[in-house]
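Report on one structure; see the data block that follows.
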Amino acid sequence: VSRESPQRVVASFDSATVLHAAVAGSLRGEPFPHLGNGAAAGAAMRVGGGLPWPILKRLYTRIGASEGIAPERLPEVDMSAVAQWLADGLPGRRYPTVLVGSSNGALAHLAAAMQVPWLPGTVLVPVSRVGDPRRPVDACEFGRRHAPAFLDANPDVALHHMHDQVQDELMVARMTYFRTKWRRLPQAYAQFLTDVLADGAPVVLVEDRSTWPVARVGERHVFQPGAQGGRPPAGYLDQPHTPSADDESPEAEWGADPGLGADLQRWCATRGHPLVRISFTGPQAPAHAVAALMRDWYSQRGEPGDRLLVPSFVLGDPWRTINSAAVPFWAFFSVQPALRALEEHLHRSAPYRSVDILLFQHGVRSEGIAAPDDWVRTVRRHGARPNLLALDPRRFPHDIATIGRYGRAMASLPSARSPWSPLDVSHALAGLREAGIDVSGL
Amino acid sequence: MRIEARCDPVDLLIGLSVGAQVVAVAAAAQGGAGSPRIGRLMLVSPTVDAAARSMPALLGRWIAGGRVERPRLFREQLPDWRRAGSRRLLTVARSALAVDLERLLAVVDVPVDVVHAEHDKITSHAYAAALASGDRRGLTIVPGATHSWPYSDVGCFADLVERVLG
């Protein structure tokens with residue numbers, strides 16, 4: 001049986017793969033323009049982004065949908081090869097720790113500051129499927145039909161089939177989201193940890209404990225209507241043609257499968273590596289703590305720390321952020337809950353002089369979206385100067401060319417004043433705890 | 001060897017670029033036993049990156065590095081190069097390619113600080129970071145800087161040396 005190549009299997013636009021690539025880039029000391037795509041792709045995005053939205057919308061949807069694999073090829077997907085590909089994407093050298101688990105942009109920036117790798121616990125396998133986005137029940141039936149062969153071929157994973165017709169309206173018309181969580185430590189991850197960890201170095205489990213109501217389809221298969229963003233679960237479940245929820249499960253994109261944590265704990269116990277858990281609820285939760293911690297670190301480096309940068313979902317560049325001594329406050333999407341979190345951060349922090357804002361766009365004005373003006377007003381209310389980086393606000397939420405432009409904008413940020421050394425791991429973990437994040441095992 | 005024979009012990013020996021290889025040779029030559037005559041090494045923009053260890057690759061990186069350096073640097077270095085002559089410069093390049101810095105550091109028994117510039121096109125960050133990983137090793141990154149940054153930012157260089165010396 002031929003196997004699908006790992007790069008072909010996982011989505012290149014997903015939080016896990018893009019944040020993983022951004023962290024890997026920072027470990028290679030490389031900036032991260034156009035989400036890690038080549039210069040030609042960046043130029044195409046900038047040029048294509050100028051097309052009228054009705055044309056661009058079709059292109060955007062088609063290109064995104066082209067990432068989906070044919071459902072009949074699902075049995076050929078080898079998730080252990082995906083894990084190997086993710087481990088191979090990280091520079092091999094001695095590290096003081098490795099992060100494993102939930103995707104989180106704030107912690108990706110922290111990993112870059114500590115110069116340590118992160119191995120994702122969840123990846124997205126997009127599957128080709130044409131259907132009506134307003135009929136999640138059809139997507140669920142599609143999963144019931146096609147997922148068993150995929151799960152039989154991959155006994156160490158659980159499938160969280162996700163359908164968000166609000167934020168992913170354009171994409172779910174032509175593909176469906178098989179979010180896949182490892183329930184055991186993949187062999188490739190175990191080997192990577194063995195190869196790169198210093199003797200007695202801790203392993204850090206990143207554990208987002210957020211859950212979502214789901215319809216259980218099988219022992220390792222749930223269907224999640226909706227996703228974290230601007231609409232709460234009830235807002236999805238109340239919609240017609242939506243399967244009823246009969247269970248609660250780790251959130252498909254961000255939530256941690258407890259099986260991976262348990263297996264990692266066993267691995268650590270037998271190898272003499274302490275396991276440290278960073279636990280929180282929801283992707284937005286660590287952003288304030290990371291920002292506060294990094295601002296403090298910049299101050300110790302002699303930097304003013306008065307410039308805040310708001311990376312958005314996968315739109316960001318940890319390496320350039322740190323080298324320009326910009327304080328990162330990561331927003332999981334451009335939605336009202338993330339905006340409220342920024343407001344809270346600005347309220348709790350000493351004033352910033354300026355705030356650079358990156359806004360990732362899904363191409364739809366979805367419920368709960370936070371528009372550029374909302375971000376600008378919030379920043380102004382706290383006495384800072386807002387700056388929408390690489391964005392034409394008149395085209396929001398369709399300014400897809402932002403993806404091709406933000407790299408240049410990040411490159412033009414002024415450099416930090418002083419040389420720096422990677423943030424000490426113990427200091428970082430203690431700092432997270434001081435800032436209110438649950439860190440155990442220190 | 002000259003340090004051992006003629007000079008007082010030094011607290012910190014600094015090498016820039018191929019100079020990093022020279023100081024590593026000196027530190028490796030002093031061995032591990034007894035009190036070291038070199039107390040600490042600082043390797044600034046150390047060469048030659050393992051991924052560019054051939055004459056064409058090194059030349060390619062050197063040209064790429066030259067594009068991001070200040071134009072004045074070339075004028076500043078030219079008199080030295082003239083004095084050295086092409087034959088000696090070629091010897092330096094051959095010698096740099098022959099000296100395997102990571103192997104040398106494996107037998108160096110003193111603390112090592114590796115300093116890497118953000119925009120260094122000659123030495124990769126991955127190589128510098130790999131040299132800096134391990135006990136009593138440290139990595140320092142100089143934001144916005146290029147391979148030969150100490151020539152243009154003497155103040156920053158002096159501050160860094162002061163910081164390392166504690």
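- In this pair, A:Y95 and A:F192 present their aromatic rings tilted. The plane angle is within the 30 to 60° band.
- With chain B as the partner, the residue from A:P419, A:G29, A:S415 showing the most heavy-atom pairs under 4.5 Å is A:P419.
- B:H116 and B:H125 have perpendicular rings, their planes meeting at more than 60° on a 0 to 90° scale where under 30° would count as parallel.
- A donor-acceptor pair under 3.5 Å is formed between the side chain of A:T97 and the backbone N or O of A:P202.
- Between the side chain of A:E303 and the backbone N or O of A:R417, at least one donor-acceptor pair lies under 3.5 Å.
- Using a 4.5 Å cut-off between heavy atoms, A:A198 does not touch chain B at all.
- Both the backbone and the side chain of B:T140 come within contact range of chain A, with heavy atoms under 4.5 Å apart.
- Ring orientation note: the planes of A:H273 and A:W267 are close to parallel, at an angle under 30° on the 30°/60° scale.
- Using a 4.5 Å cut-off between heavy atoms, A:S324 makes no contact with chain B at all.
- Residue B:I141 touches chain A through both its backbone and its side chain, counting heavy-atom pairs closer than 4.5 Å.
- Using a 4.5 Å cut-off between heavy atoms, A:Q115 touches chain B through its side chain atoms alone.
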